[in-house]
Amino acid sequence: MELAEFFNFFLERDRTVIMTNEENKHRPDSVFPDYIPIPQHLNLFPCGTLVGWQHRKLETEFLRELFAQQSPGHGVLNATQSADAA
């Protein structure tokens, strides 16, 4: 496999998946939970090191908007509100 071919193969499969601790636990059946894909052209969640990701204001705003779209009738909480007040 040529280096360019390897990187194309790798990048096609290199996805960041944001999960809760419970969702990220080992599953003996190897079934991957449902997820909402994030288009790569948005360049969100850059790799911070070899493993992991970083989030910036851009990612925070994206996730708040995604939450609002997925939760009809629920507003997005701002930093001064608590979940109990909503």
Side-chain angles (χ1 to χ4, degrees):
M1 180 181 289
E2 295 290 325
L3 186 59
E5 183 182 0
F6 166 77
F7 275 109
N8 285 336
F9 177 87
F10 177 78
L11 292 174
E12 286 176 9
R13 291 158 178 80
D14 182 33
R15 305 282 187 242
T16 297
V17 179
I18 302 169
M19 296 184 186
T20 64
N21 287 339
E22 187 65 30
E23 292 169 329
N24 200 27
K25 289 185 177 178
H26 174 71
R27 289 170 292 283
D29 58 4
S30 299
V31 173
F32 201 75
D34 290 336
Y35 66 97
I36 300 167
I38 298 172
Q40 285 188 313
H41 73 273
L42 297 177
N43 296 317
L44 297 172
F45 304 100
C47 183
T49 58
L50 182 60
V51 177
W53 53 272
Q54 297 175 344
H55 66 276
R56 306 162 293 184
K57 185 176 180 181
L58 186 63
E59 285 81 14
T60 302
E61 291 171 0
F62 175 83
L63 291 174
R64 286 178 189 234
E65 180 62 29
L66 183 63
F67 174 78
Q69 291 173 6
Q70 298 296 316
S71 304
H74 293 87
V76 177
L77 299 177
N78 66 38
T80 61
Q81 293 177 305
S82 72
D84 296 332

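These numbers come from a predicted model, not from an experiment.
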Under a 4.5 Å cut-off applied to non-hydrogen side-chain atoms, are Leu63 and His55 in contact?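 Sidechains of His55 and Leu63: no contact.
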If you compare all heavy atoms of [X] against all heavy atoms of [Y], which two are closest, and at what distance to 0.1 Å?
| X | Y | value |
| --- | --- | --- |
| Arg56 | Asn43 | NH2-O, 3.1 Å |
| Pro37 | Pro39 | O-CD, 3.9 Å |
| Ile36 | Gln70 | CD1-CD, 3.8 Å |

Donor-acceptor pair, distance only, cut-off 3.5 Å: does the side chain of Glu59 make one with the backbone of Leu44?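 Checked: no pair found.
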Among residues at least two apart in sequence or on other chains, which ones pass side-chain hydrogen bond (donor to acceptor under 3.5 Å, both in side chains) with Glu5?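 Listed in chain order: nothing, the list is empty.
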Just to verify, what does Glu61 make a side-chain hydrogen bond (donor to acceptor under 3.5 Å, both in side chains) with, not counting sequence neighbours?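 In terms of side-chain hydrogen bond (donor to acceptor under 3.5 Å, both in side chains), with neighbours along the sequence ignored, Glu61 is linked to no residue.
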hydrophobic_cluster_shared for Phe7 and Met1, side chain cutoff 4.5 Å: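 Yes.
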Please round to the nearest 0.5 Å and tell me the distance separating atom CZ of Phe45 and atom CD1 of Ile38.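 That separation rounds to 4.5 Å.
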Return the orientation label for the Phe10 and Phe6 ring planes: parallel under 30°, perpendicular over 60°, tilted otherwise.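 Plane angle under 30°, so parallel.
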